[in-house]
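Some notes on the structure that comes next.
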2 protein chains.
Amino acid sequence: MSQHSRRLPYGDGRDALLAAVIDVVAEKGLRGVTYRAVAARAGVNHTLVTHHFGSIEGLLAATMEWAVQRSIEETGLAGIADFDEGFADSLMATVSAEPELQLFQFEMLLESRRNPKILAMVERLYKTYVGTVEEALSQRGLDTTGEASLAIFAALDGLMLQFLTITDPAKIRSAVIQVGKLVSGLLNSSDASGESRRPATTS
Amino acid sequence: MSQHSRRLPYGDGRDALLAAVIDVVAEKGLRGVTYRAVAARAGVNHTLVTHHFGSIEGLLAATMEWAVQRSIEETGLAGIADFDEGFADSLMATVSAEPELQLFQFEMLLESRRNPKILAMVERLYKTYVGTVEEALSQRGLDTTGEASLAIFAALDGLMLQFLTITDPAKIRSAVIQVGKLVSGLLNSSDASGESRRPATTS
DNA sequence: GGGAAAACTATACAGATGTAGAGTTTTGGA
DNA sequence: TCCAAAACTCTACATCTGTATAGTTTTCCC
């Protein structure tokens, strides 16, 4: 079914291109990102990419900017306050909702080594994520020096990466819950006398 | 200065191509992997790629096969038995020794979504890694049900990914050490809670 | 030492890709 | 209403890329 049915509304080309990048990367990887492939997916002429973004690099940077903004606004880690099973499910649900978007961000993480603009955006994104974890740990009265937040976030990040690629959801879910237990363990070891395994009800 | 100085010894072309792939991916990403780019780096004619590997996909698969074998043999996580500071330094040293190789494996992890052959190899690699962690945890008498090994490995994996891209070594080092402390915490909490304590046979 | 097989090169070409330039459509404001 | 700017398309072309084919060099082994 060739669906060149209706043209996009005037002014929607730019956004359509950004969305198309996510899809093309998910389907064919960065190797598949060409002016024509992206434009075809977006339903516009391939020269429109140059008009809006100047180059493929510019297109990728703009797409990442867009993706980062969305991720930060949605703060997928919002429900992180409690590290219980509900948290695990909500985290996985967030990633499952838009796997292509997450995949794209991982691609850009690797790309950041070769592109300063991308690097800056990835740094911003990751600092936001780690900051969110840090906040959650602090609320539980945990010592957040020594990069505990970074360690916890890296565990979740690594698990989501595997979730999106090679490891089945059930195992990932268990492992995410384990991360929650590790946090509890951190609480115990820093507060040696604590008997209260149950976190105090929301204050 | 054209430096077509010395040709490769006869029979070395294949290996030279594999090594070249790692370099090209590190420098230009998967987008930069073309017959000519890889062949030029290896110092051979670009048609040699087809002769040995059939296609770019075949070339990437063969390179991954080679990379996985090396990683498994070296077992970069060998010194994982103790989760102390020495372990952190040795882990980072291993990754630092050949960052391009690690980067390539992360690229292939993402690629595994679109390539069954790559998927099989990445699965093998990750199972080996998780298995190594599991062994280390068992030796400490820890309960390894519930995917604790997967969680711990994911933390280290996620940290190495950041180490290779956006986060400075000092922070990574601290975080890796934190992972070690989390393992200790796991030990405490499994004793303290007595929830699902299955004694591991330390035979 | 001779011949087949494997490794490798040379060349040529079709199709894909990036890019330039000129033209068309739509929007929005004076 | 009109016009300038922005959004967008069309076409053309040079370059890059993959691939086929034929030929050369080296190795291996009987």
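Values below: every heavy atom of this structure, side chains too, minus hydrogens, waters and symmetry copies. By convention in this document, chain letters (A, B, ...) are assigned in the order of the sequence lines, proteins followed by strands, and residues within each chain are numbered from 1.
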Under 4.0 Å: is that the gap between some side-chain N or O of A/His52 and OP1 or OP2 of D/dC8? yes
What integer distance in Å separates A/Arg36:CZ from C/dT19:P? 11 Å
Students often get this wrong, so: under 4.0 angstrom with heavy atoms, is B/Thr50 touching a base, only sugar-phosphate, or nothing? nothing
Nearest to the side chain of A/Leu48, heavy atoms from C-beta on, is which of C/dC8, C/dG18, D/dT9? D/dT9
Figure out the CG/C1' separation between B/Leu8 and D/dT25, and round it to whole Å. 15 Å
Separation of atom CG in B/Asp12 from atom C1' in D/dT26, rounded to whole Å: 13 Å
Regarding the side chain of B/Ile56, the nearest nucleotide among C/dG18, D/dG18, C/dC8 is D/dG18
Quick check: does any side chain N or O of B/Arg31 sit under 3.5 Å from a backbone N or O of A/Leu30, one acting as donor and the other as acceptor? yes
Any donor-acceptor pair, under 3.5 Å, between the side chain of A/His51 and the base of D/dT9, if you only look at N and O atoms? no
Among D/dC10, D/dA7, C/dG18, the nucleotide that comes nearest once only the side chain of A/Arg7 is considered: D/dC10
Select from A/His46 and A/Arg31 the residue whose nearest nucleotide in DNA chain D is closer to the 5' end of that strand. A/His46
Any donor-acceptor pair, under 3.5 Å, between the side chain of A/Thr47 and the base of D/dC10, if you only look at N and O atoms? yes
Given atom CG of B/Asn45 and atom P of D/dT19, what is their separation to the nearest angstrom? 15 Å
Give a yes or no on whether the ring-centroid distance for B/Phe106 and A/Phe106 is below 6.0 angstrom. no
Does a donor on one side chain sit under 3.5 Å from an acceptor on the other, for B/Ser174 and A/Glu147? no
Restricting to non-hydrogen atoms, name the atom on B/Tyr129 and the atom on B/Ser71 that form the minimum distance, rounded to 0.1 Å. OH-CB, 3.6 Å
Side-chain (A/Arg113) to main-chain (B/Ala26) donor-acceptor, under 3.5 angstrom: no
Roughly, in whole Å, what's the span from CZ in B/Arg14 to P in C/dA6? 14 Å
Among D/dT9, C/dA10, D/dC8, which is the nearest nucleotide to the side chain of A/Tyr10? D/dC8
Figure out the OH/C1' separation between B/Tyr35 and C/dC13, and round it to whole Å. 16 Å
